[in-house]
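Following: one structure in structure tokens, then a few remarks.
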Amino acid sequence: MQLIPCPWCGPREEAEFHYGGQAHVAYPEDPSALTDEEWARYVFFRDNPSGPFAERWSHNAGCRRWFNAVRDTRTHDLLAVYRVGEPMPEVTA
Amino acid sequence: MTVSPLHAWTDRLAALAPVLGAAEVPFRSQLTVRVSDPDAIAATGATLGIGFPSAACTFTSGTGRFGDVEVLWLGPDEFLVTASPGLQVTIEEVLRGSLGTARGSVVDTSAQRTTVVLQGPRSREVLAHGCSVDLHPSAAPVGTCVQTLLARTGIVLQVTGDDTVTILVRSSFAEYFAAWLTDACVEYLAVP
């Protein structure tokens, strides 16, 4: 089974983690000003790149913290992990 | 009469003796402390008489005003204080007082988990049957405290001695854990 390096606990089995979708999706500054279409775009529309993708993961069975990871969607390699609030590191796929 | 989660398994756990000393230590006082301010963490540790663990996946232990107490790292701002049975209400009040005006919480979670102590040279080997964390003494020295999955059930695993491992398991999963442990010991029981 693939090991995912939790930024707090170190490498653990993939089964201990939960996927949380695309990272760095900013909450609208003024949600009430959004049109239905803009709101739908915020809620449902996500990037779907072939290559490095910044995602949120949660170490469910361990420290239960959310963190971010850059995963290559073609190879399922985790290129980098970083804590919430930290900027996305430069990666080379 | 209060019955502990593994009351019915006392004899079956004791029967693992040639391989593993396994026994439940029921009703330990357990308090989940959520606090992130370093000063408040230090103050709470000072009140308890046992410093809180500063490194991830470790625990500290010592004897303070509440007797033998352990403080487990559960997350960057989350700790579990464990002590002898019956002390939870007192410790909860004292710790809550020591937080002062800092943001944080102290919650009595004693009923959440029961404690099982495994002892013997095979303790790490038996656990490795269902636990993916590296339990070799070089990777998990005494003082290690990890939350992980053991045979798909969530546990808190403390390495309390070279040959001693303490498992905290949810009360509702305790019998499942005991059944799994009994099964994992079978191959060693067959060969004297």
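Every chain is numbered from 1, with letters handed out A, B, ... down the list of sequences.
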*For the hydrophobic clusters of this structure (ILVMFWY residues joined by side-chain heavy atoms under 4.5 Å, transitively), does one cluster hold both B:Val133 and B:Val169?*
yes
*asked:* Hydrophobic clusters here meaning ILVMFWY residues chained together by side-chain heavy-atom distances under 4.5 Å, can you tell me if B:Leu95 and B:Leu99 are in one?
replied: yes
_chain A contact via B:Leu149 - side chain, backbone, both or neither, heavy atoms under 4.5 Å_ = both
*Is the count of non-hydrogen atoms from other residues, nucleotides or ligands lying under 6.0 Å from B:Phe173 atom CZ greater than 12?*
no
_Quick check: closest heavy atoms across A:Cys63 and B:Gly75, and the distance to 0.1 Å?_
CB-CA, 4.2 Å
Extract the chain A to chain B donor-acceptor pairs under 3.5 Å, no hydrogen or angle test applied.
residue : atom : partner  : partner atom : Å
A:Arg12 : NH1  : B:Gln147 : O            : 2.7
A:Glu16 : OE2  : B:Thr148 : OG1          : 2.4
A:Gly62 : O    : B:Gln147 : NE2          : 3.2
A:Arg64 : NH2  : B:Glu78  : OE1          : 3.0
A:Arg64 : NH2  : B:Glu78  : OE2          : 2.6
A:Arg65 : NH1  : B:Asp77  : OD1          : 2.4
A:Arg65 : NH2  : B:Glu78  : OE1          : 2.6

*Is it possible for you to say whether B:Val165 and B:Val117 belong to one hydrophobic cluster, with membership spreading through side-chain heavy-atom contacts below 4.5 Å?*
no
*Are B:Phe52 and B:Ile91 connected in the hydrophobic side-chain network, where two residues link if heavy atoms are under 4.5 Å apart?*
yes
*Are B:Leu16 and B:Leu118 joined in one hydrophobic group, where the rule is that I, L, V, M, F, W and Y side chains link up if heavy atoms are under 4.5 Å apart?*
yes
*At a heavy-atom separation under 4.5 Å, does B:Val146 approach chain A through its side chain, its backbone, both, or neither?*
both
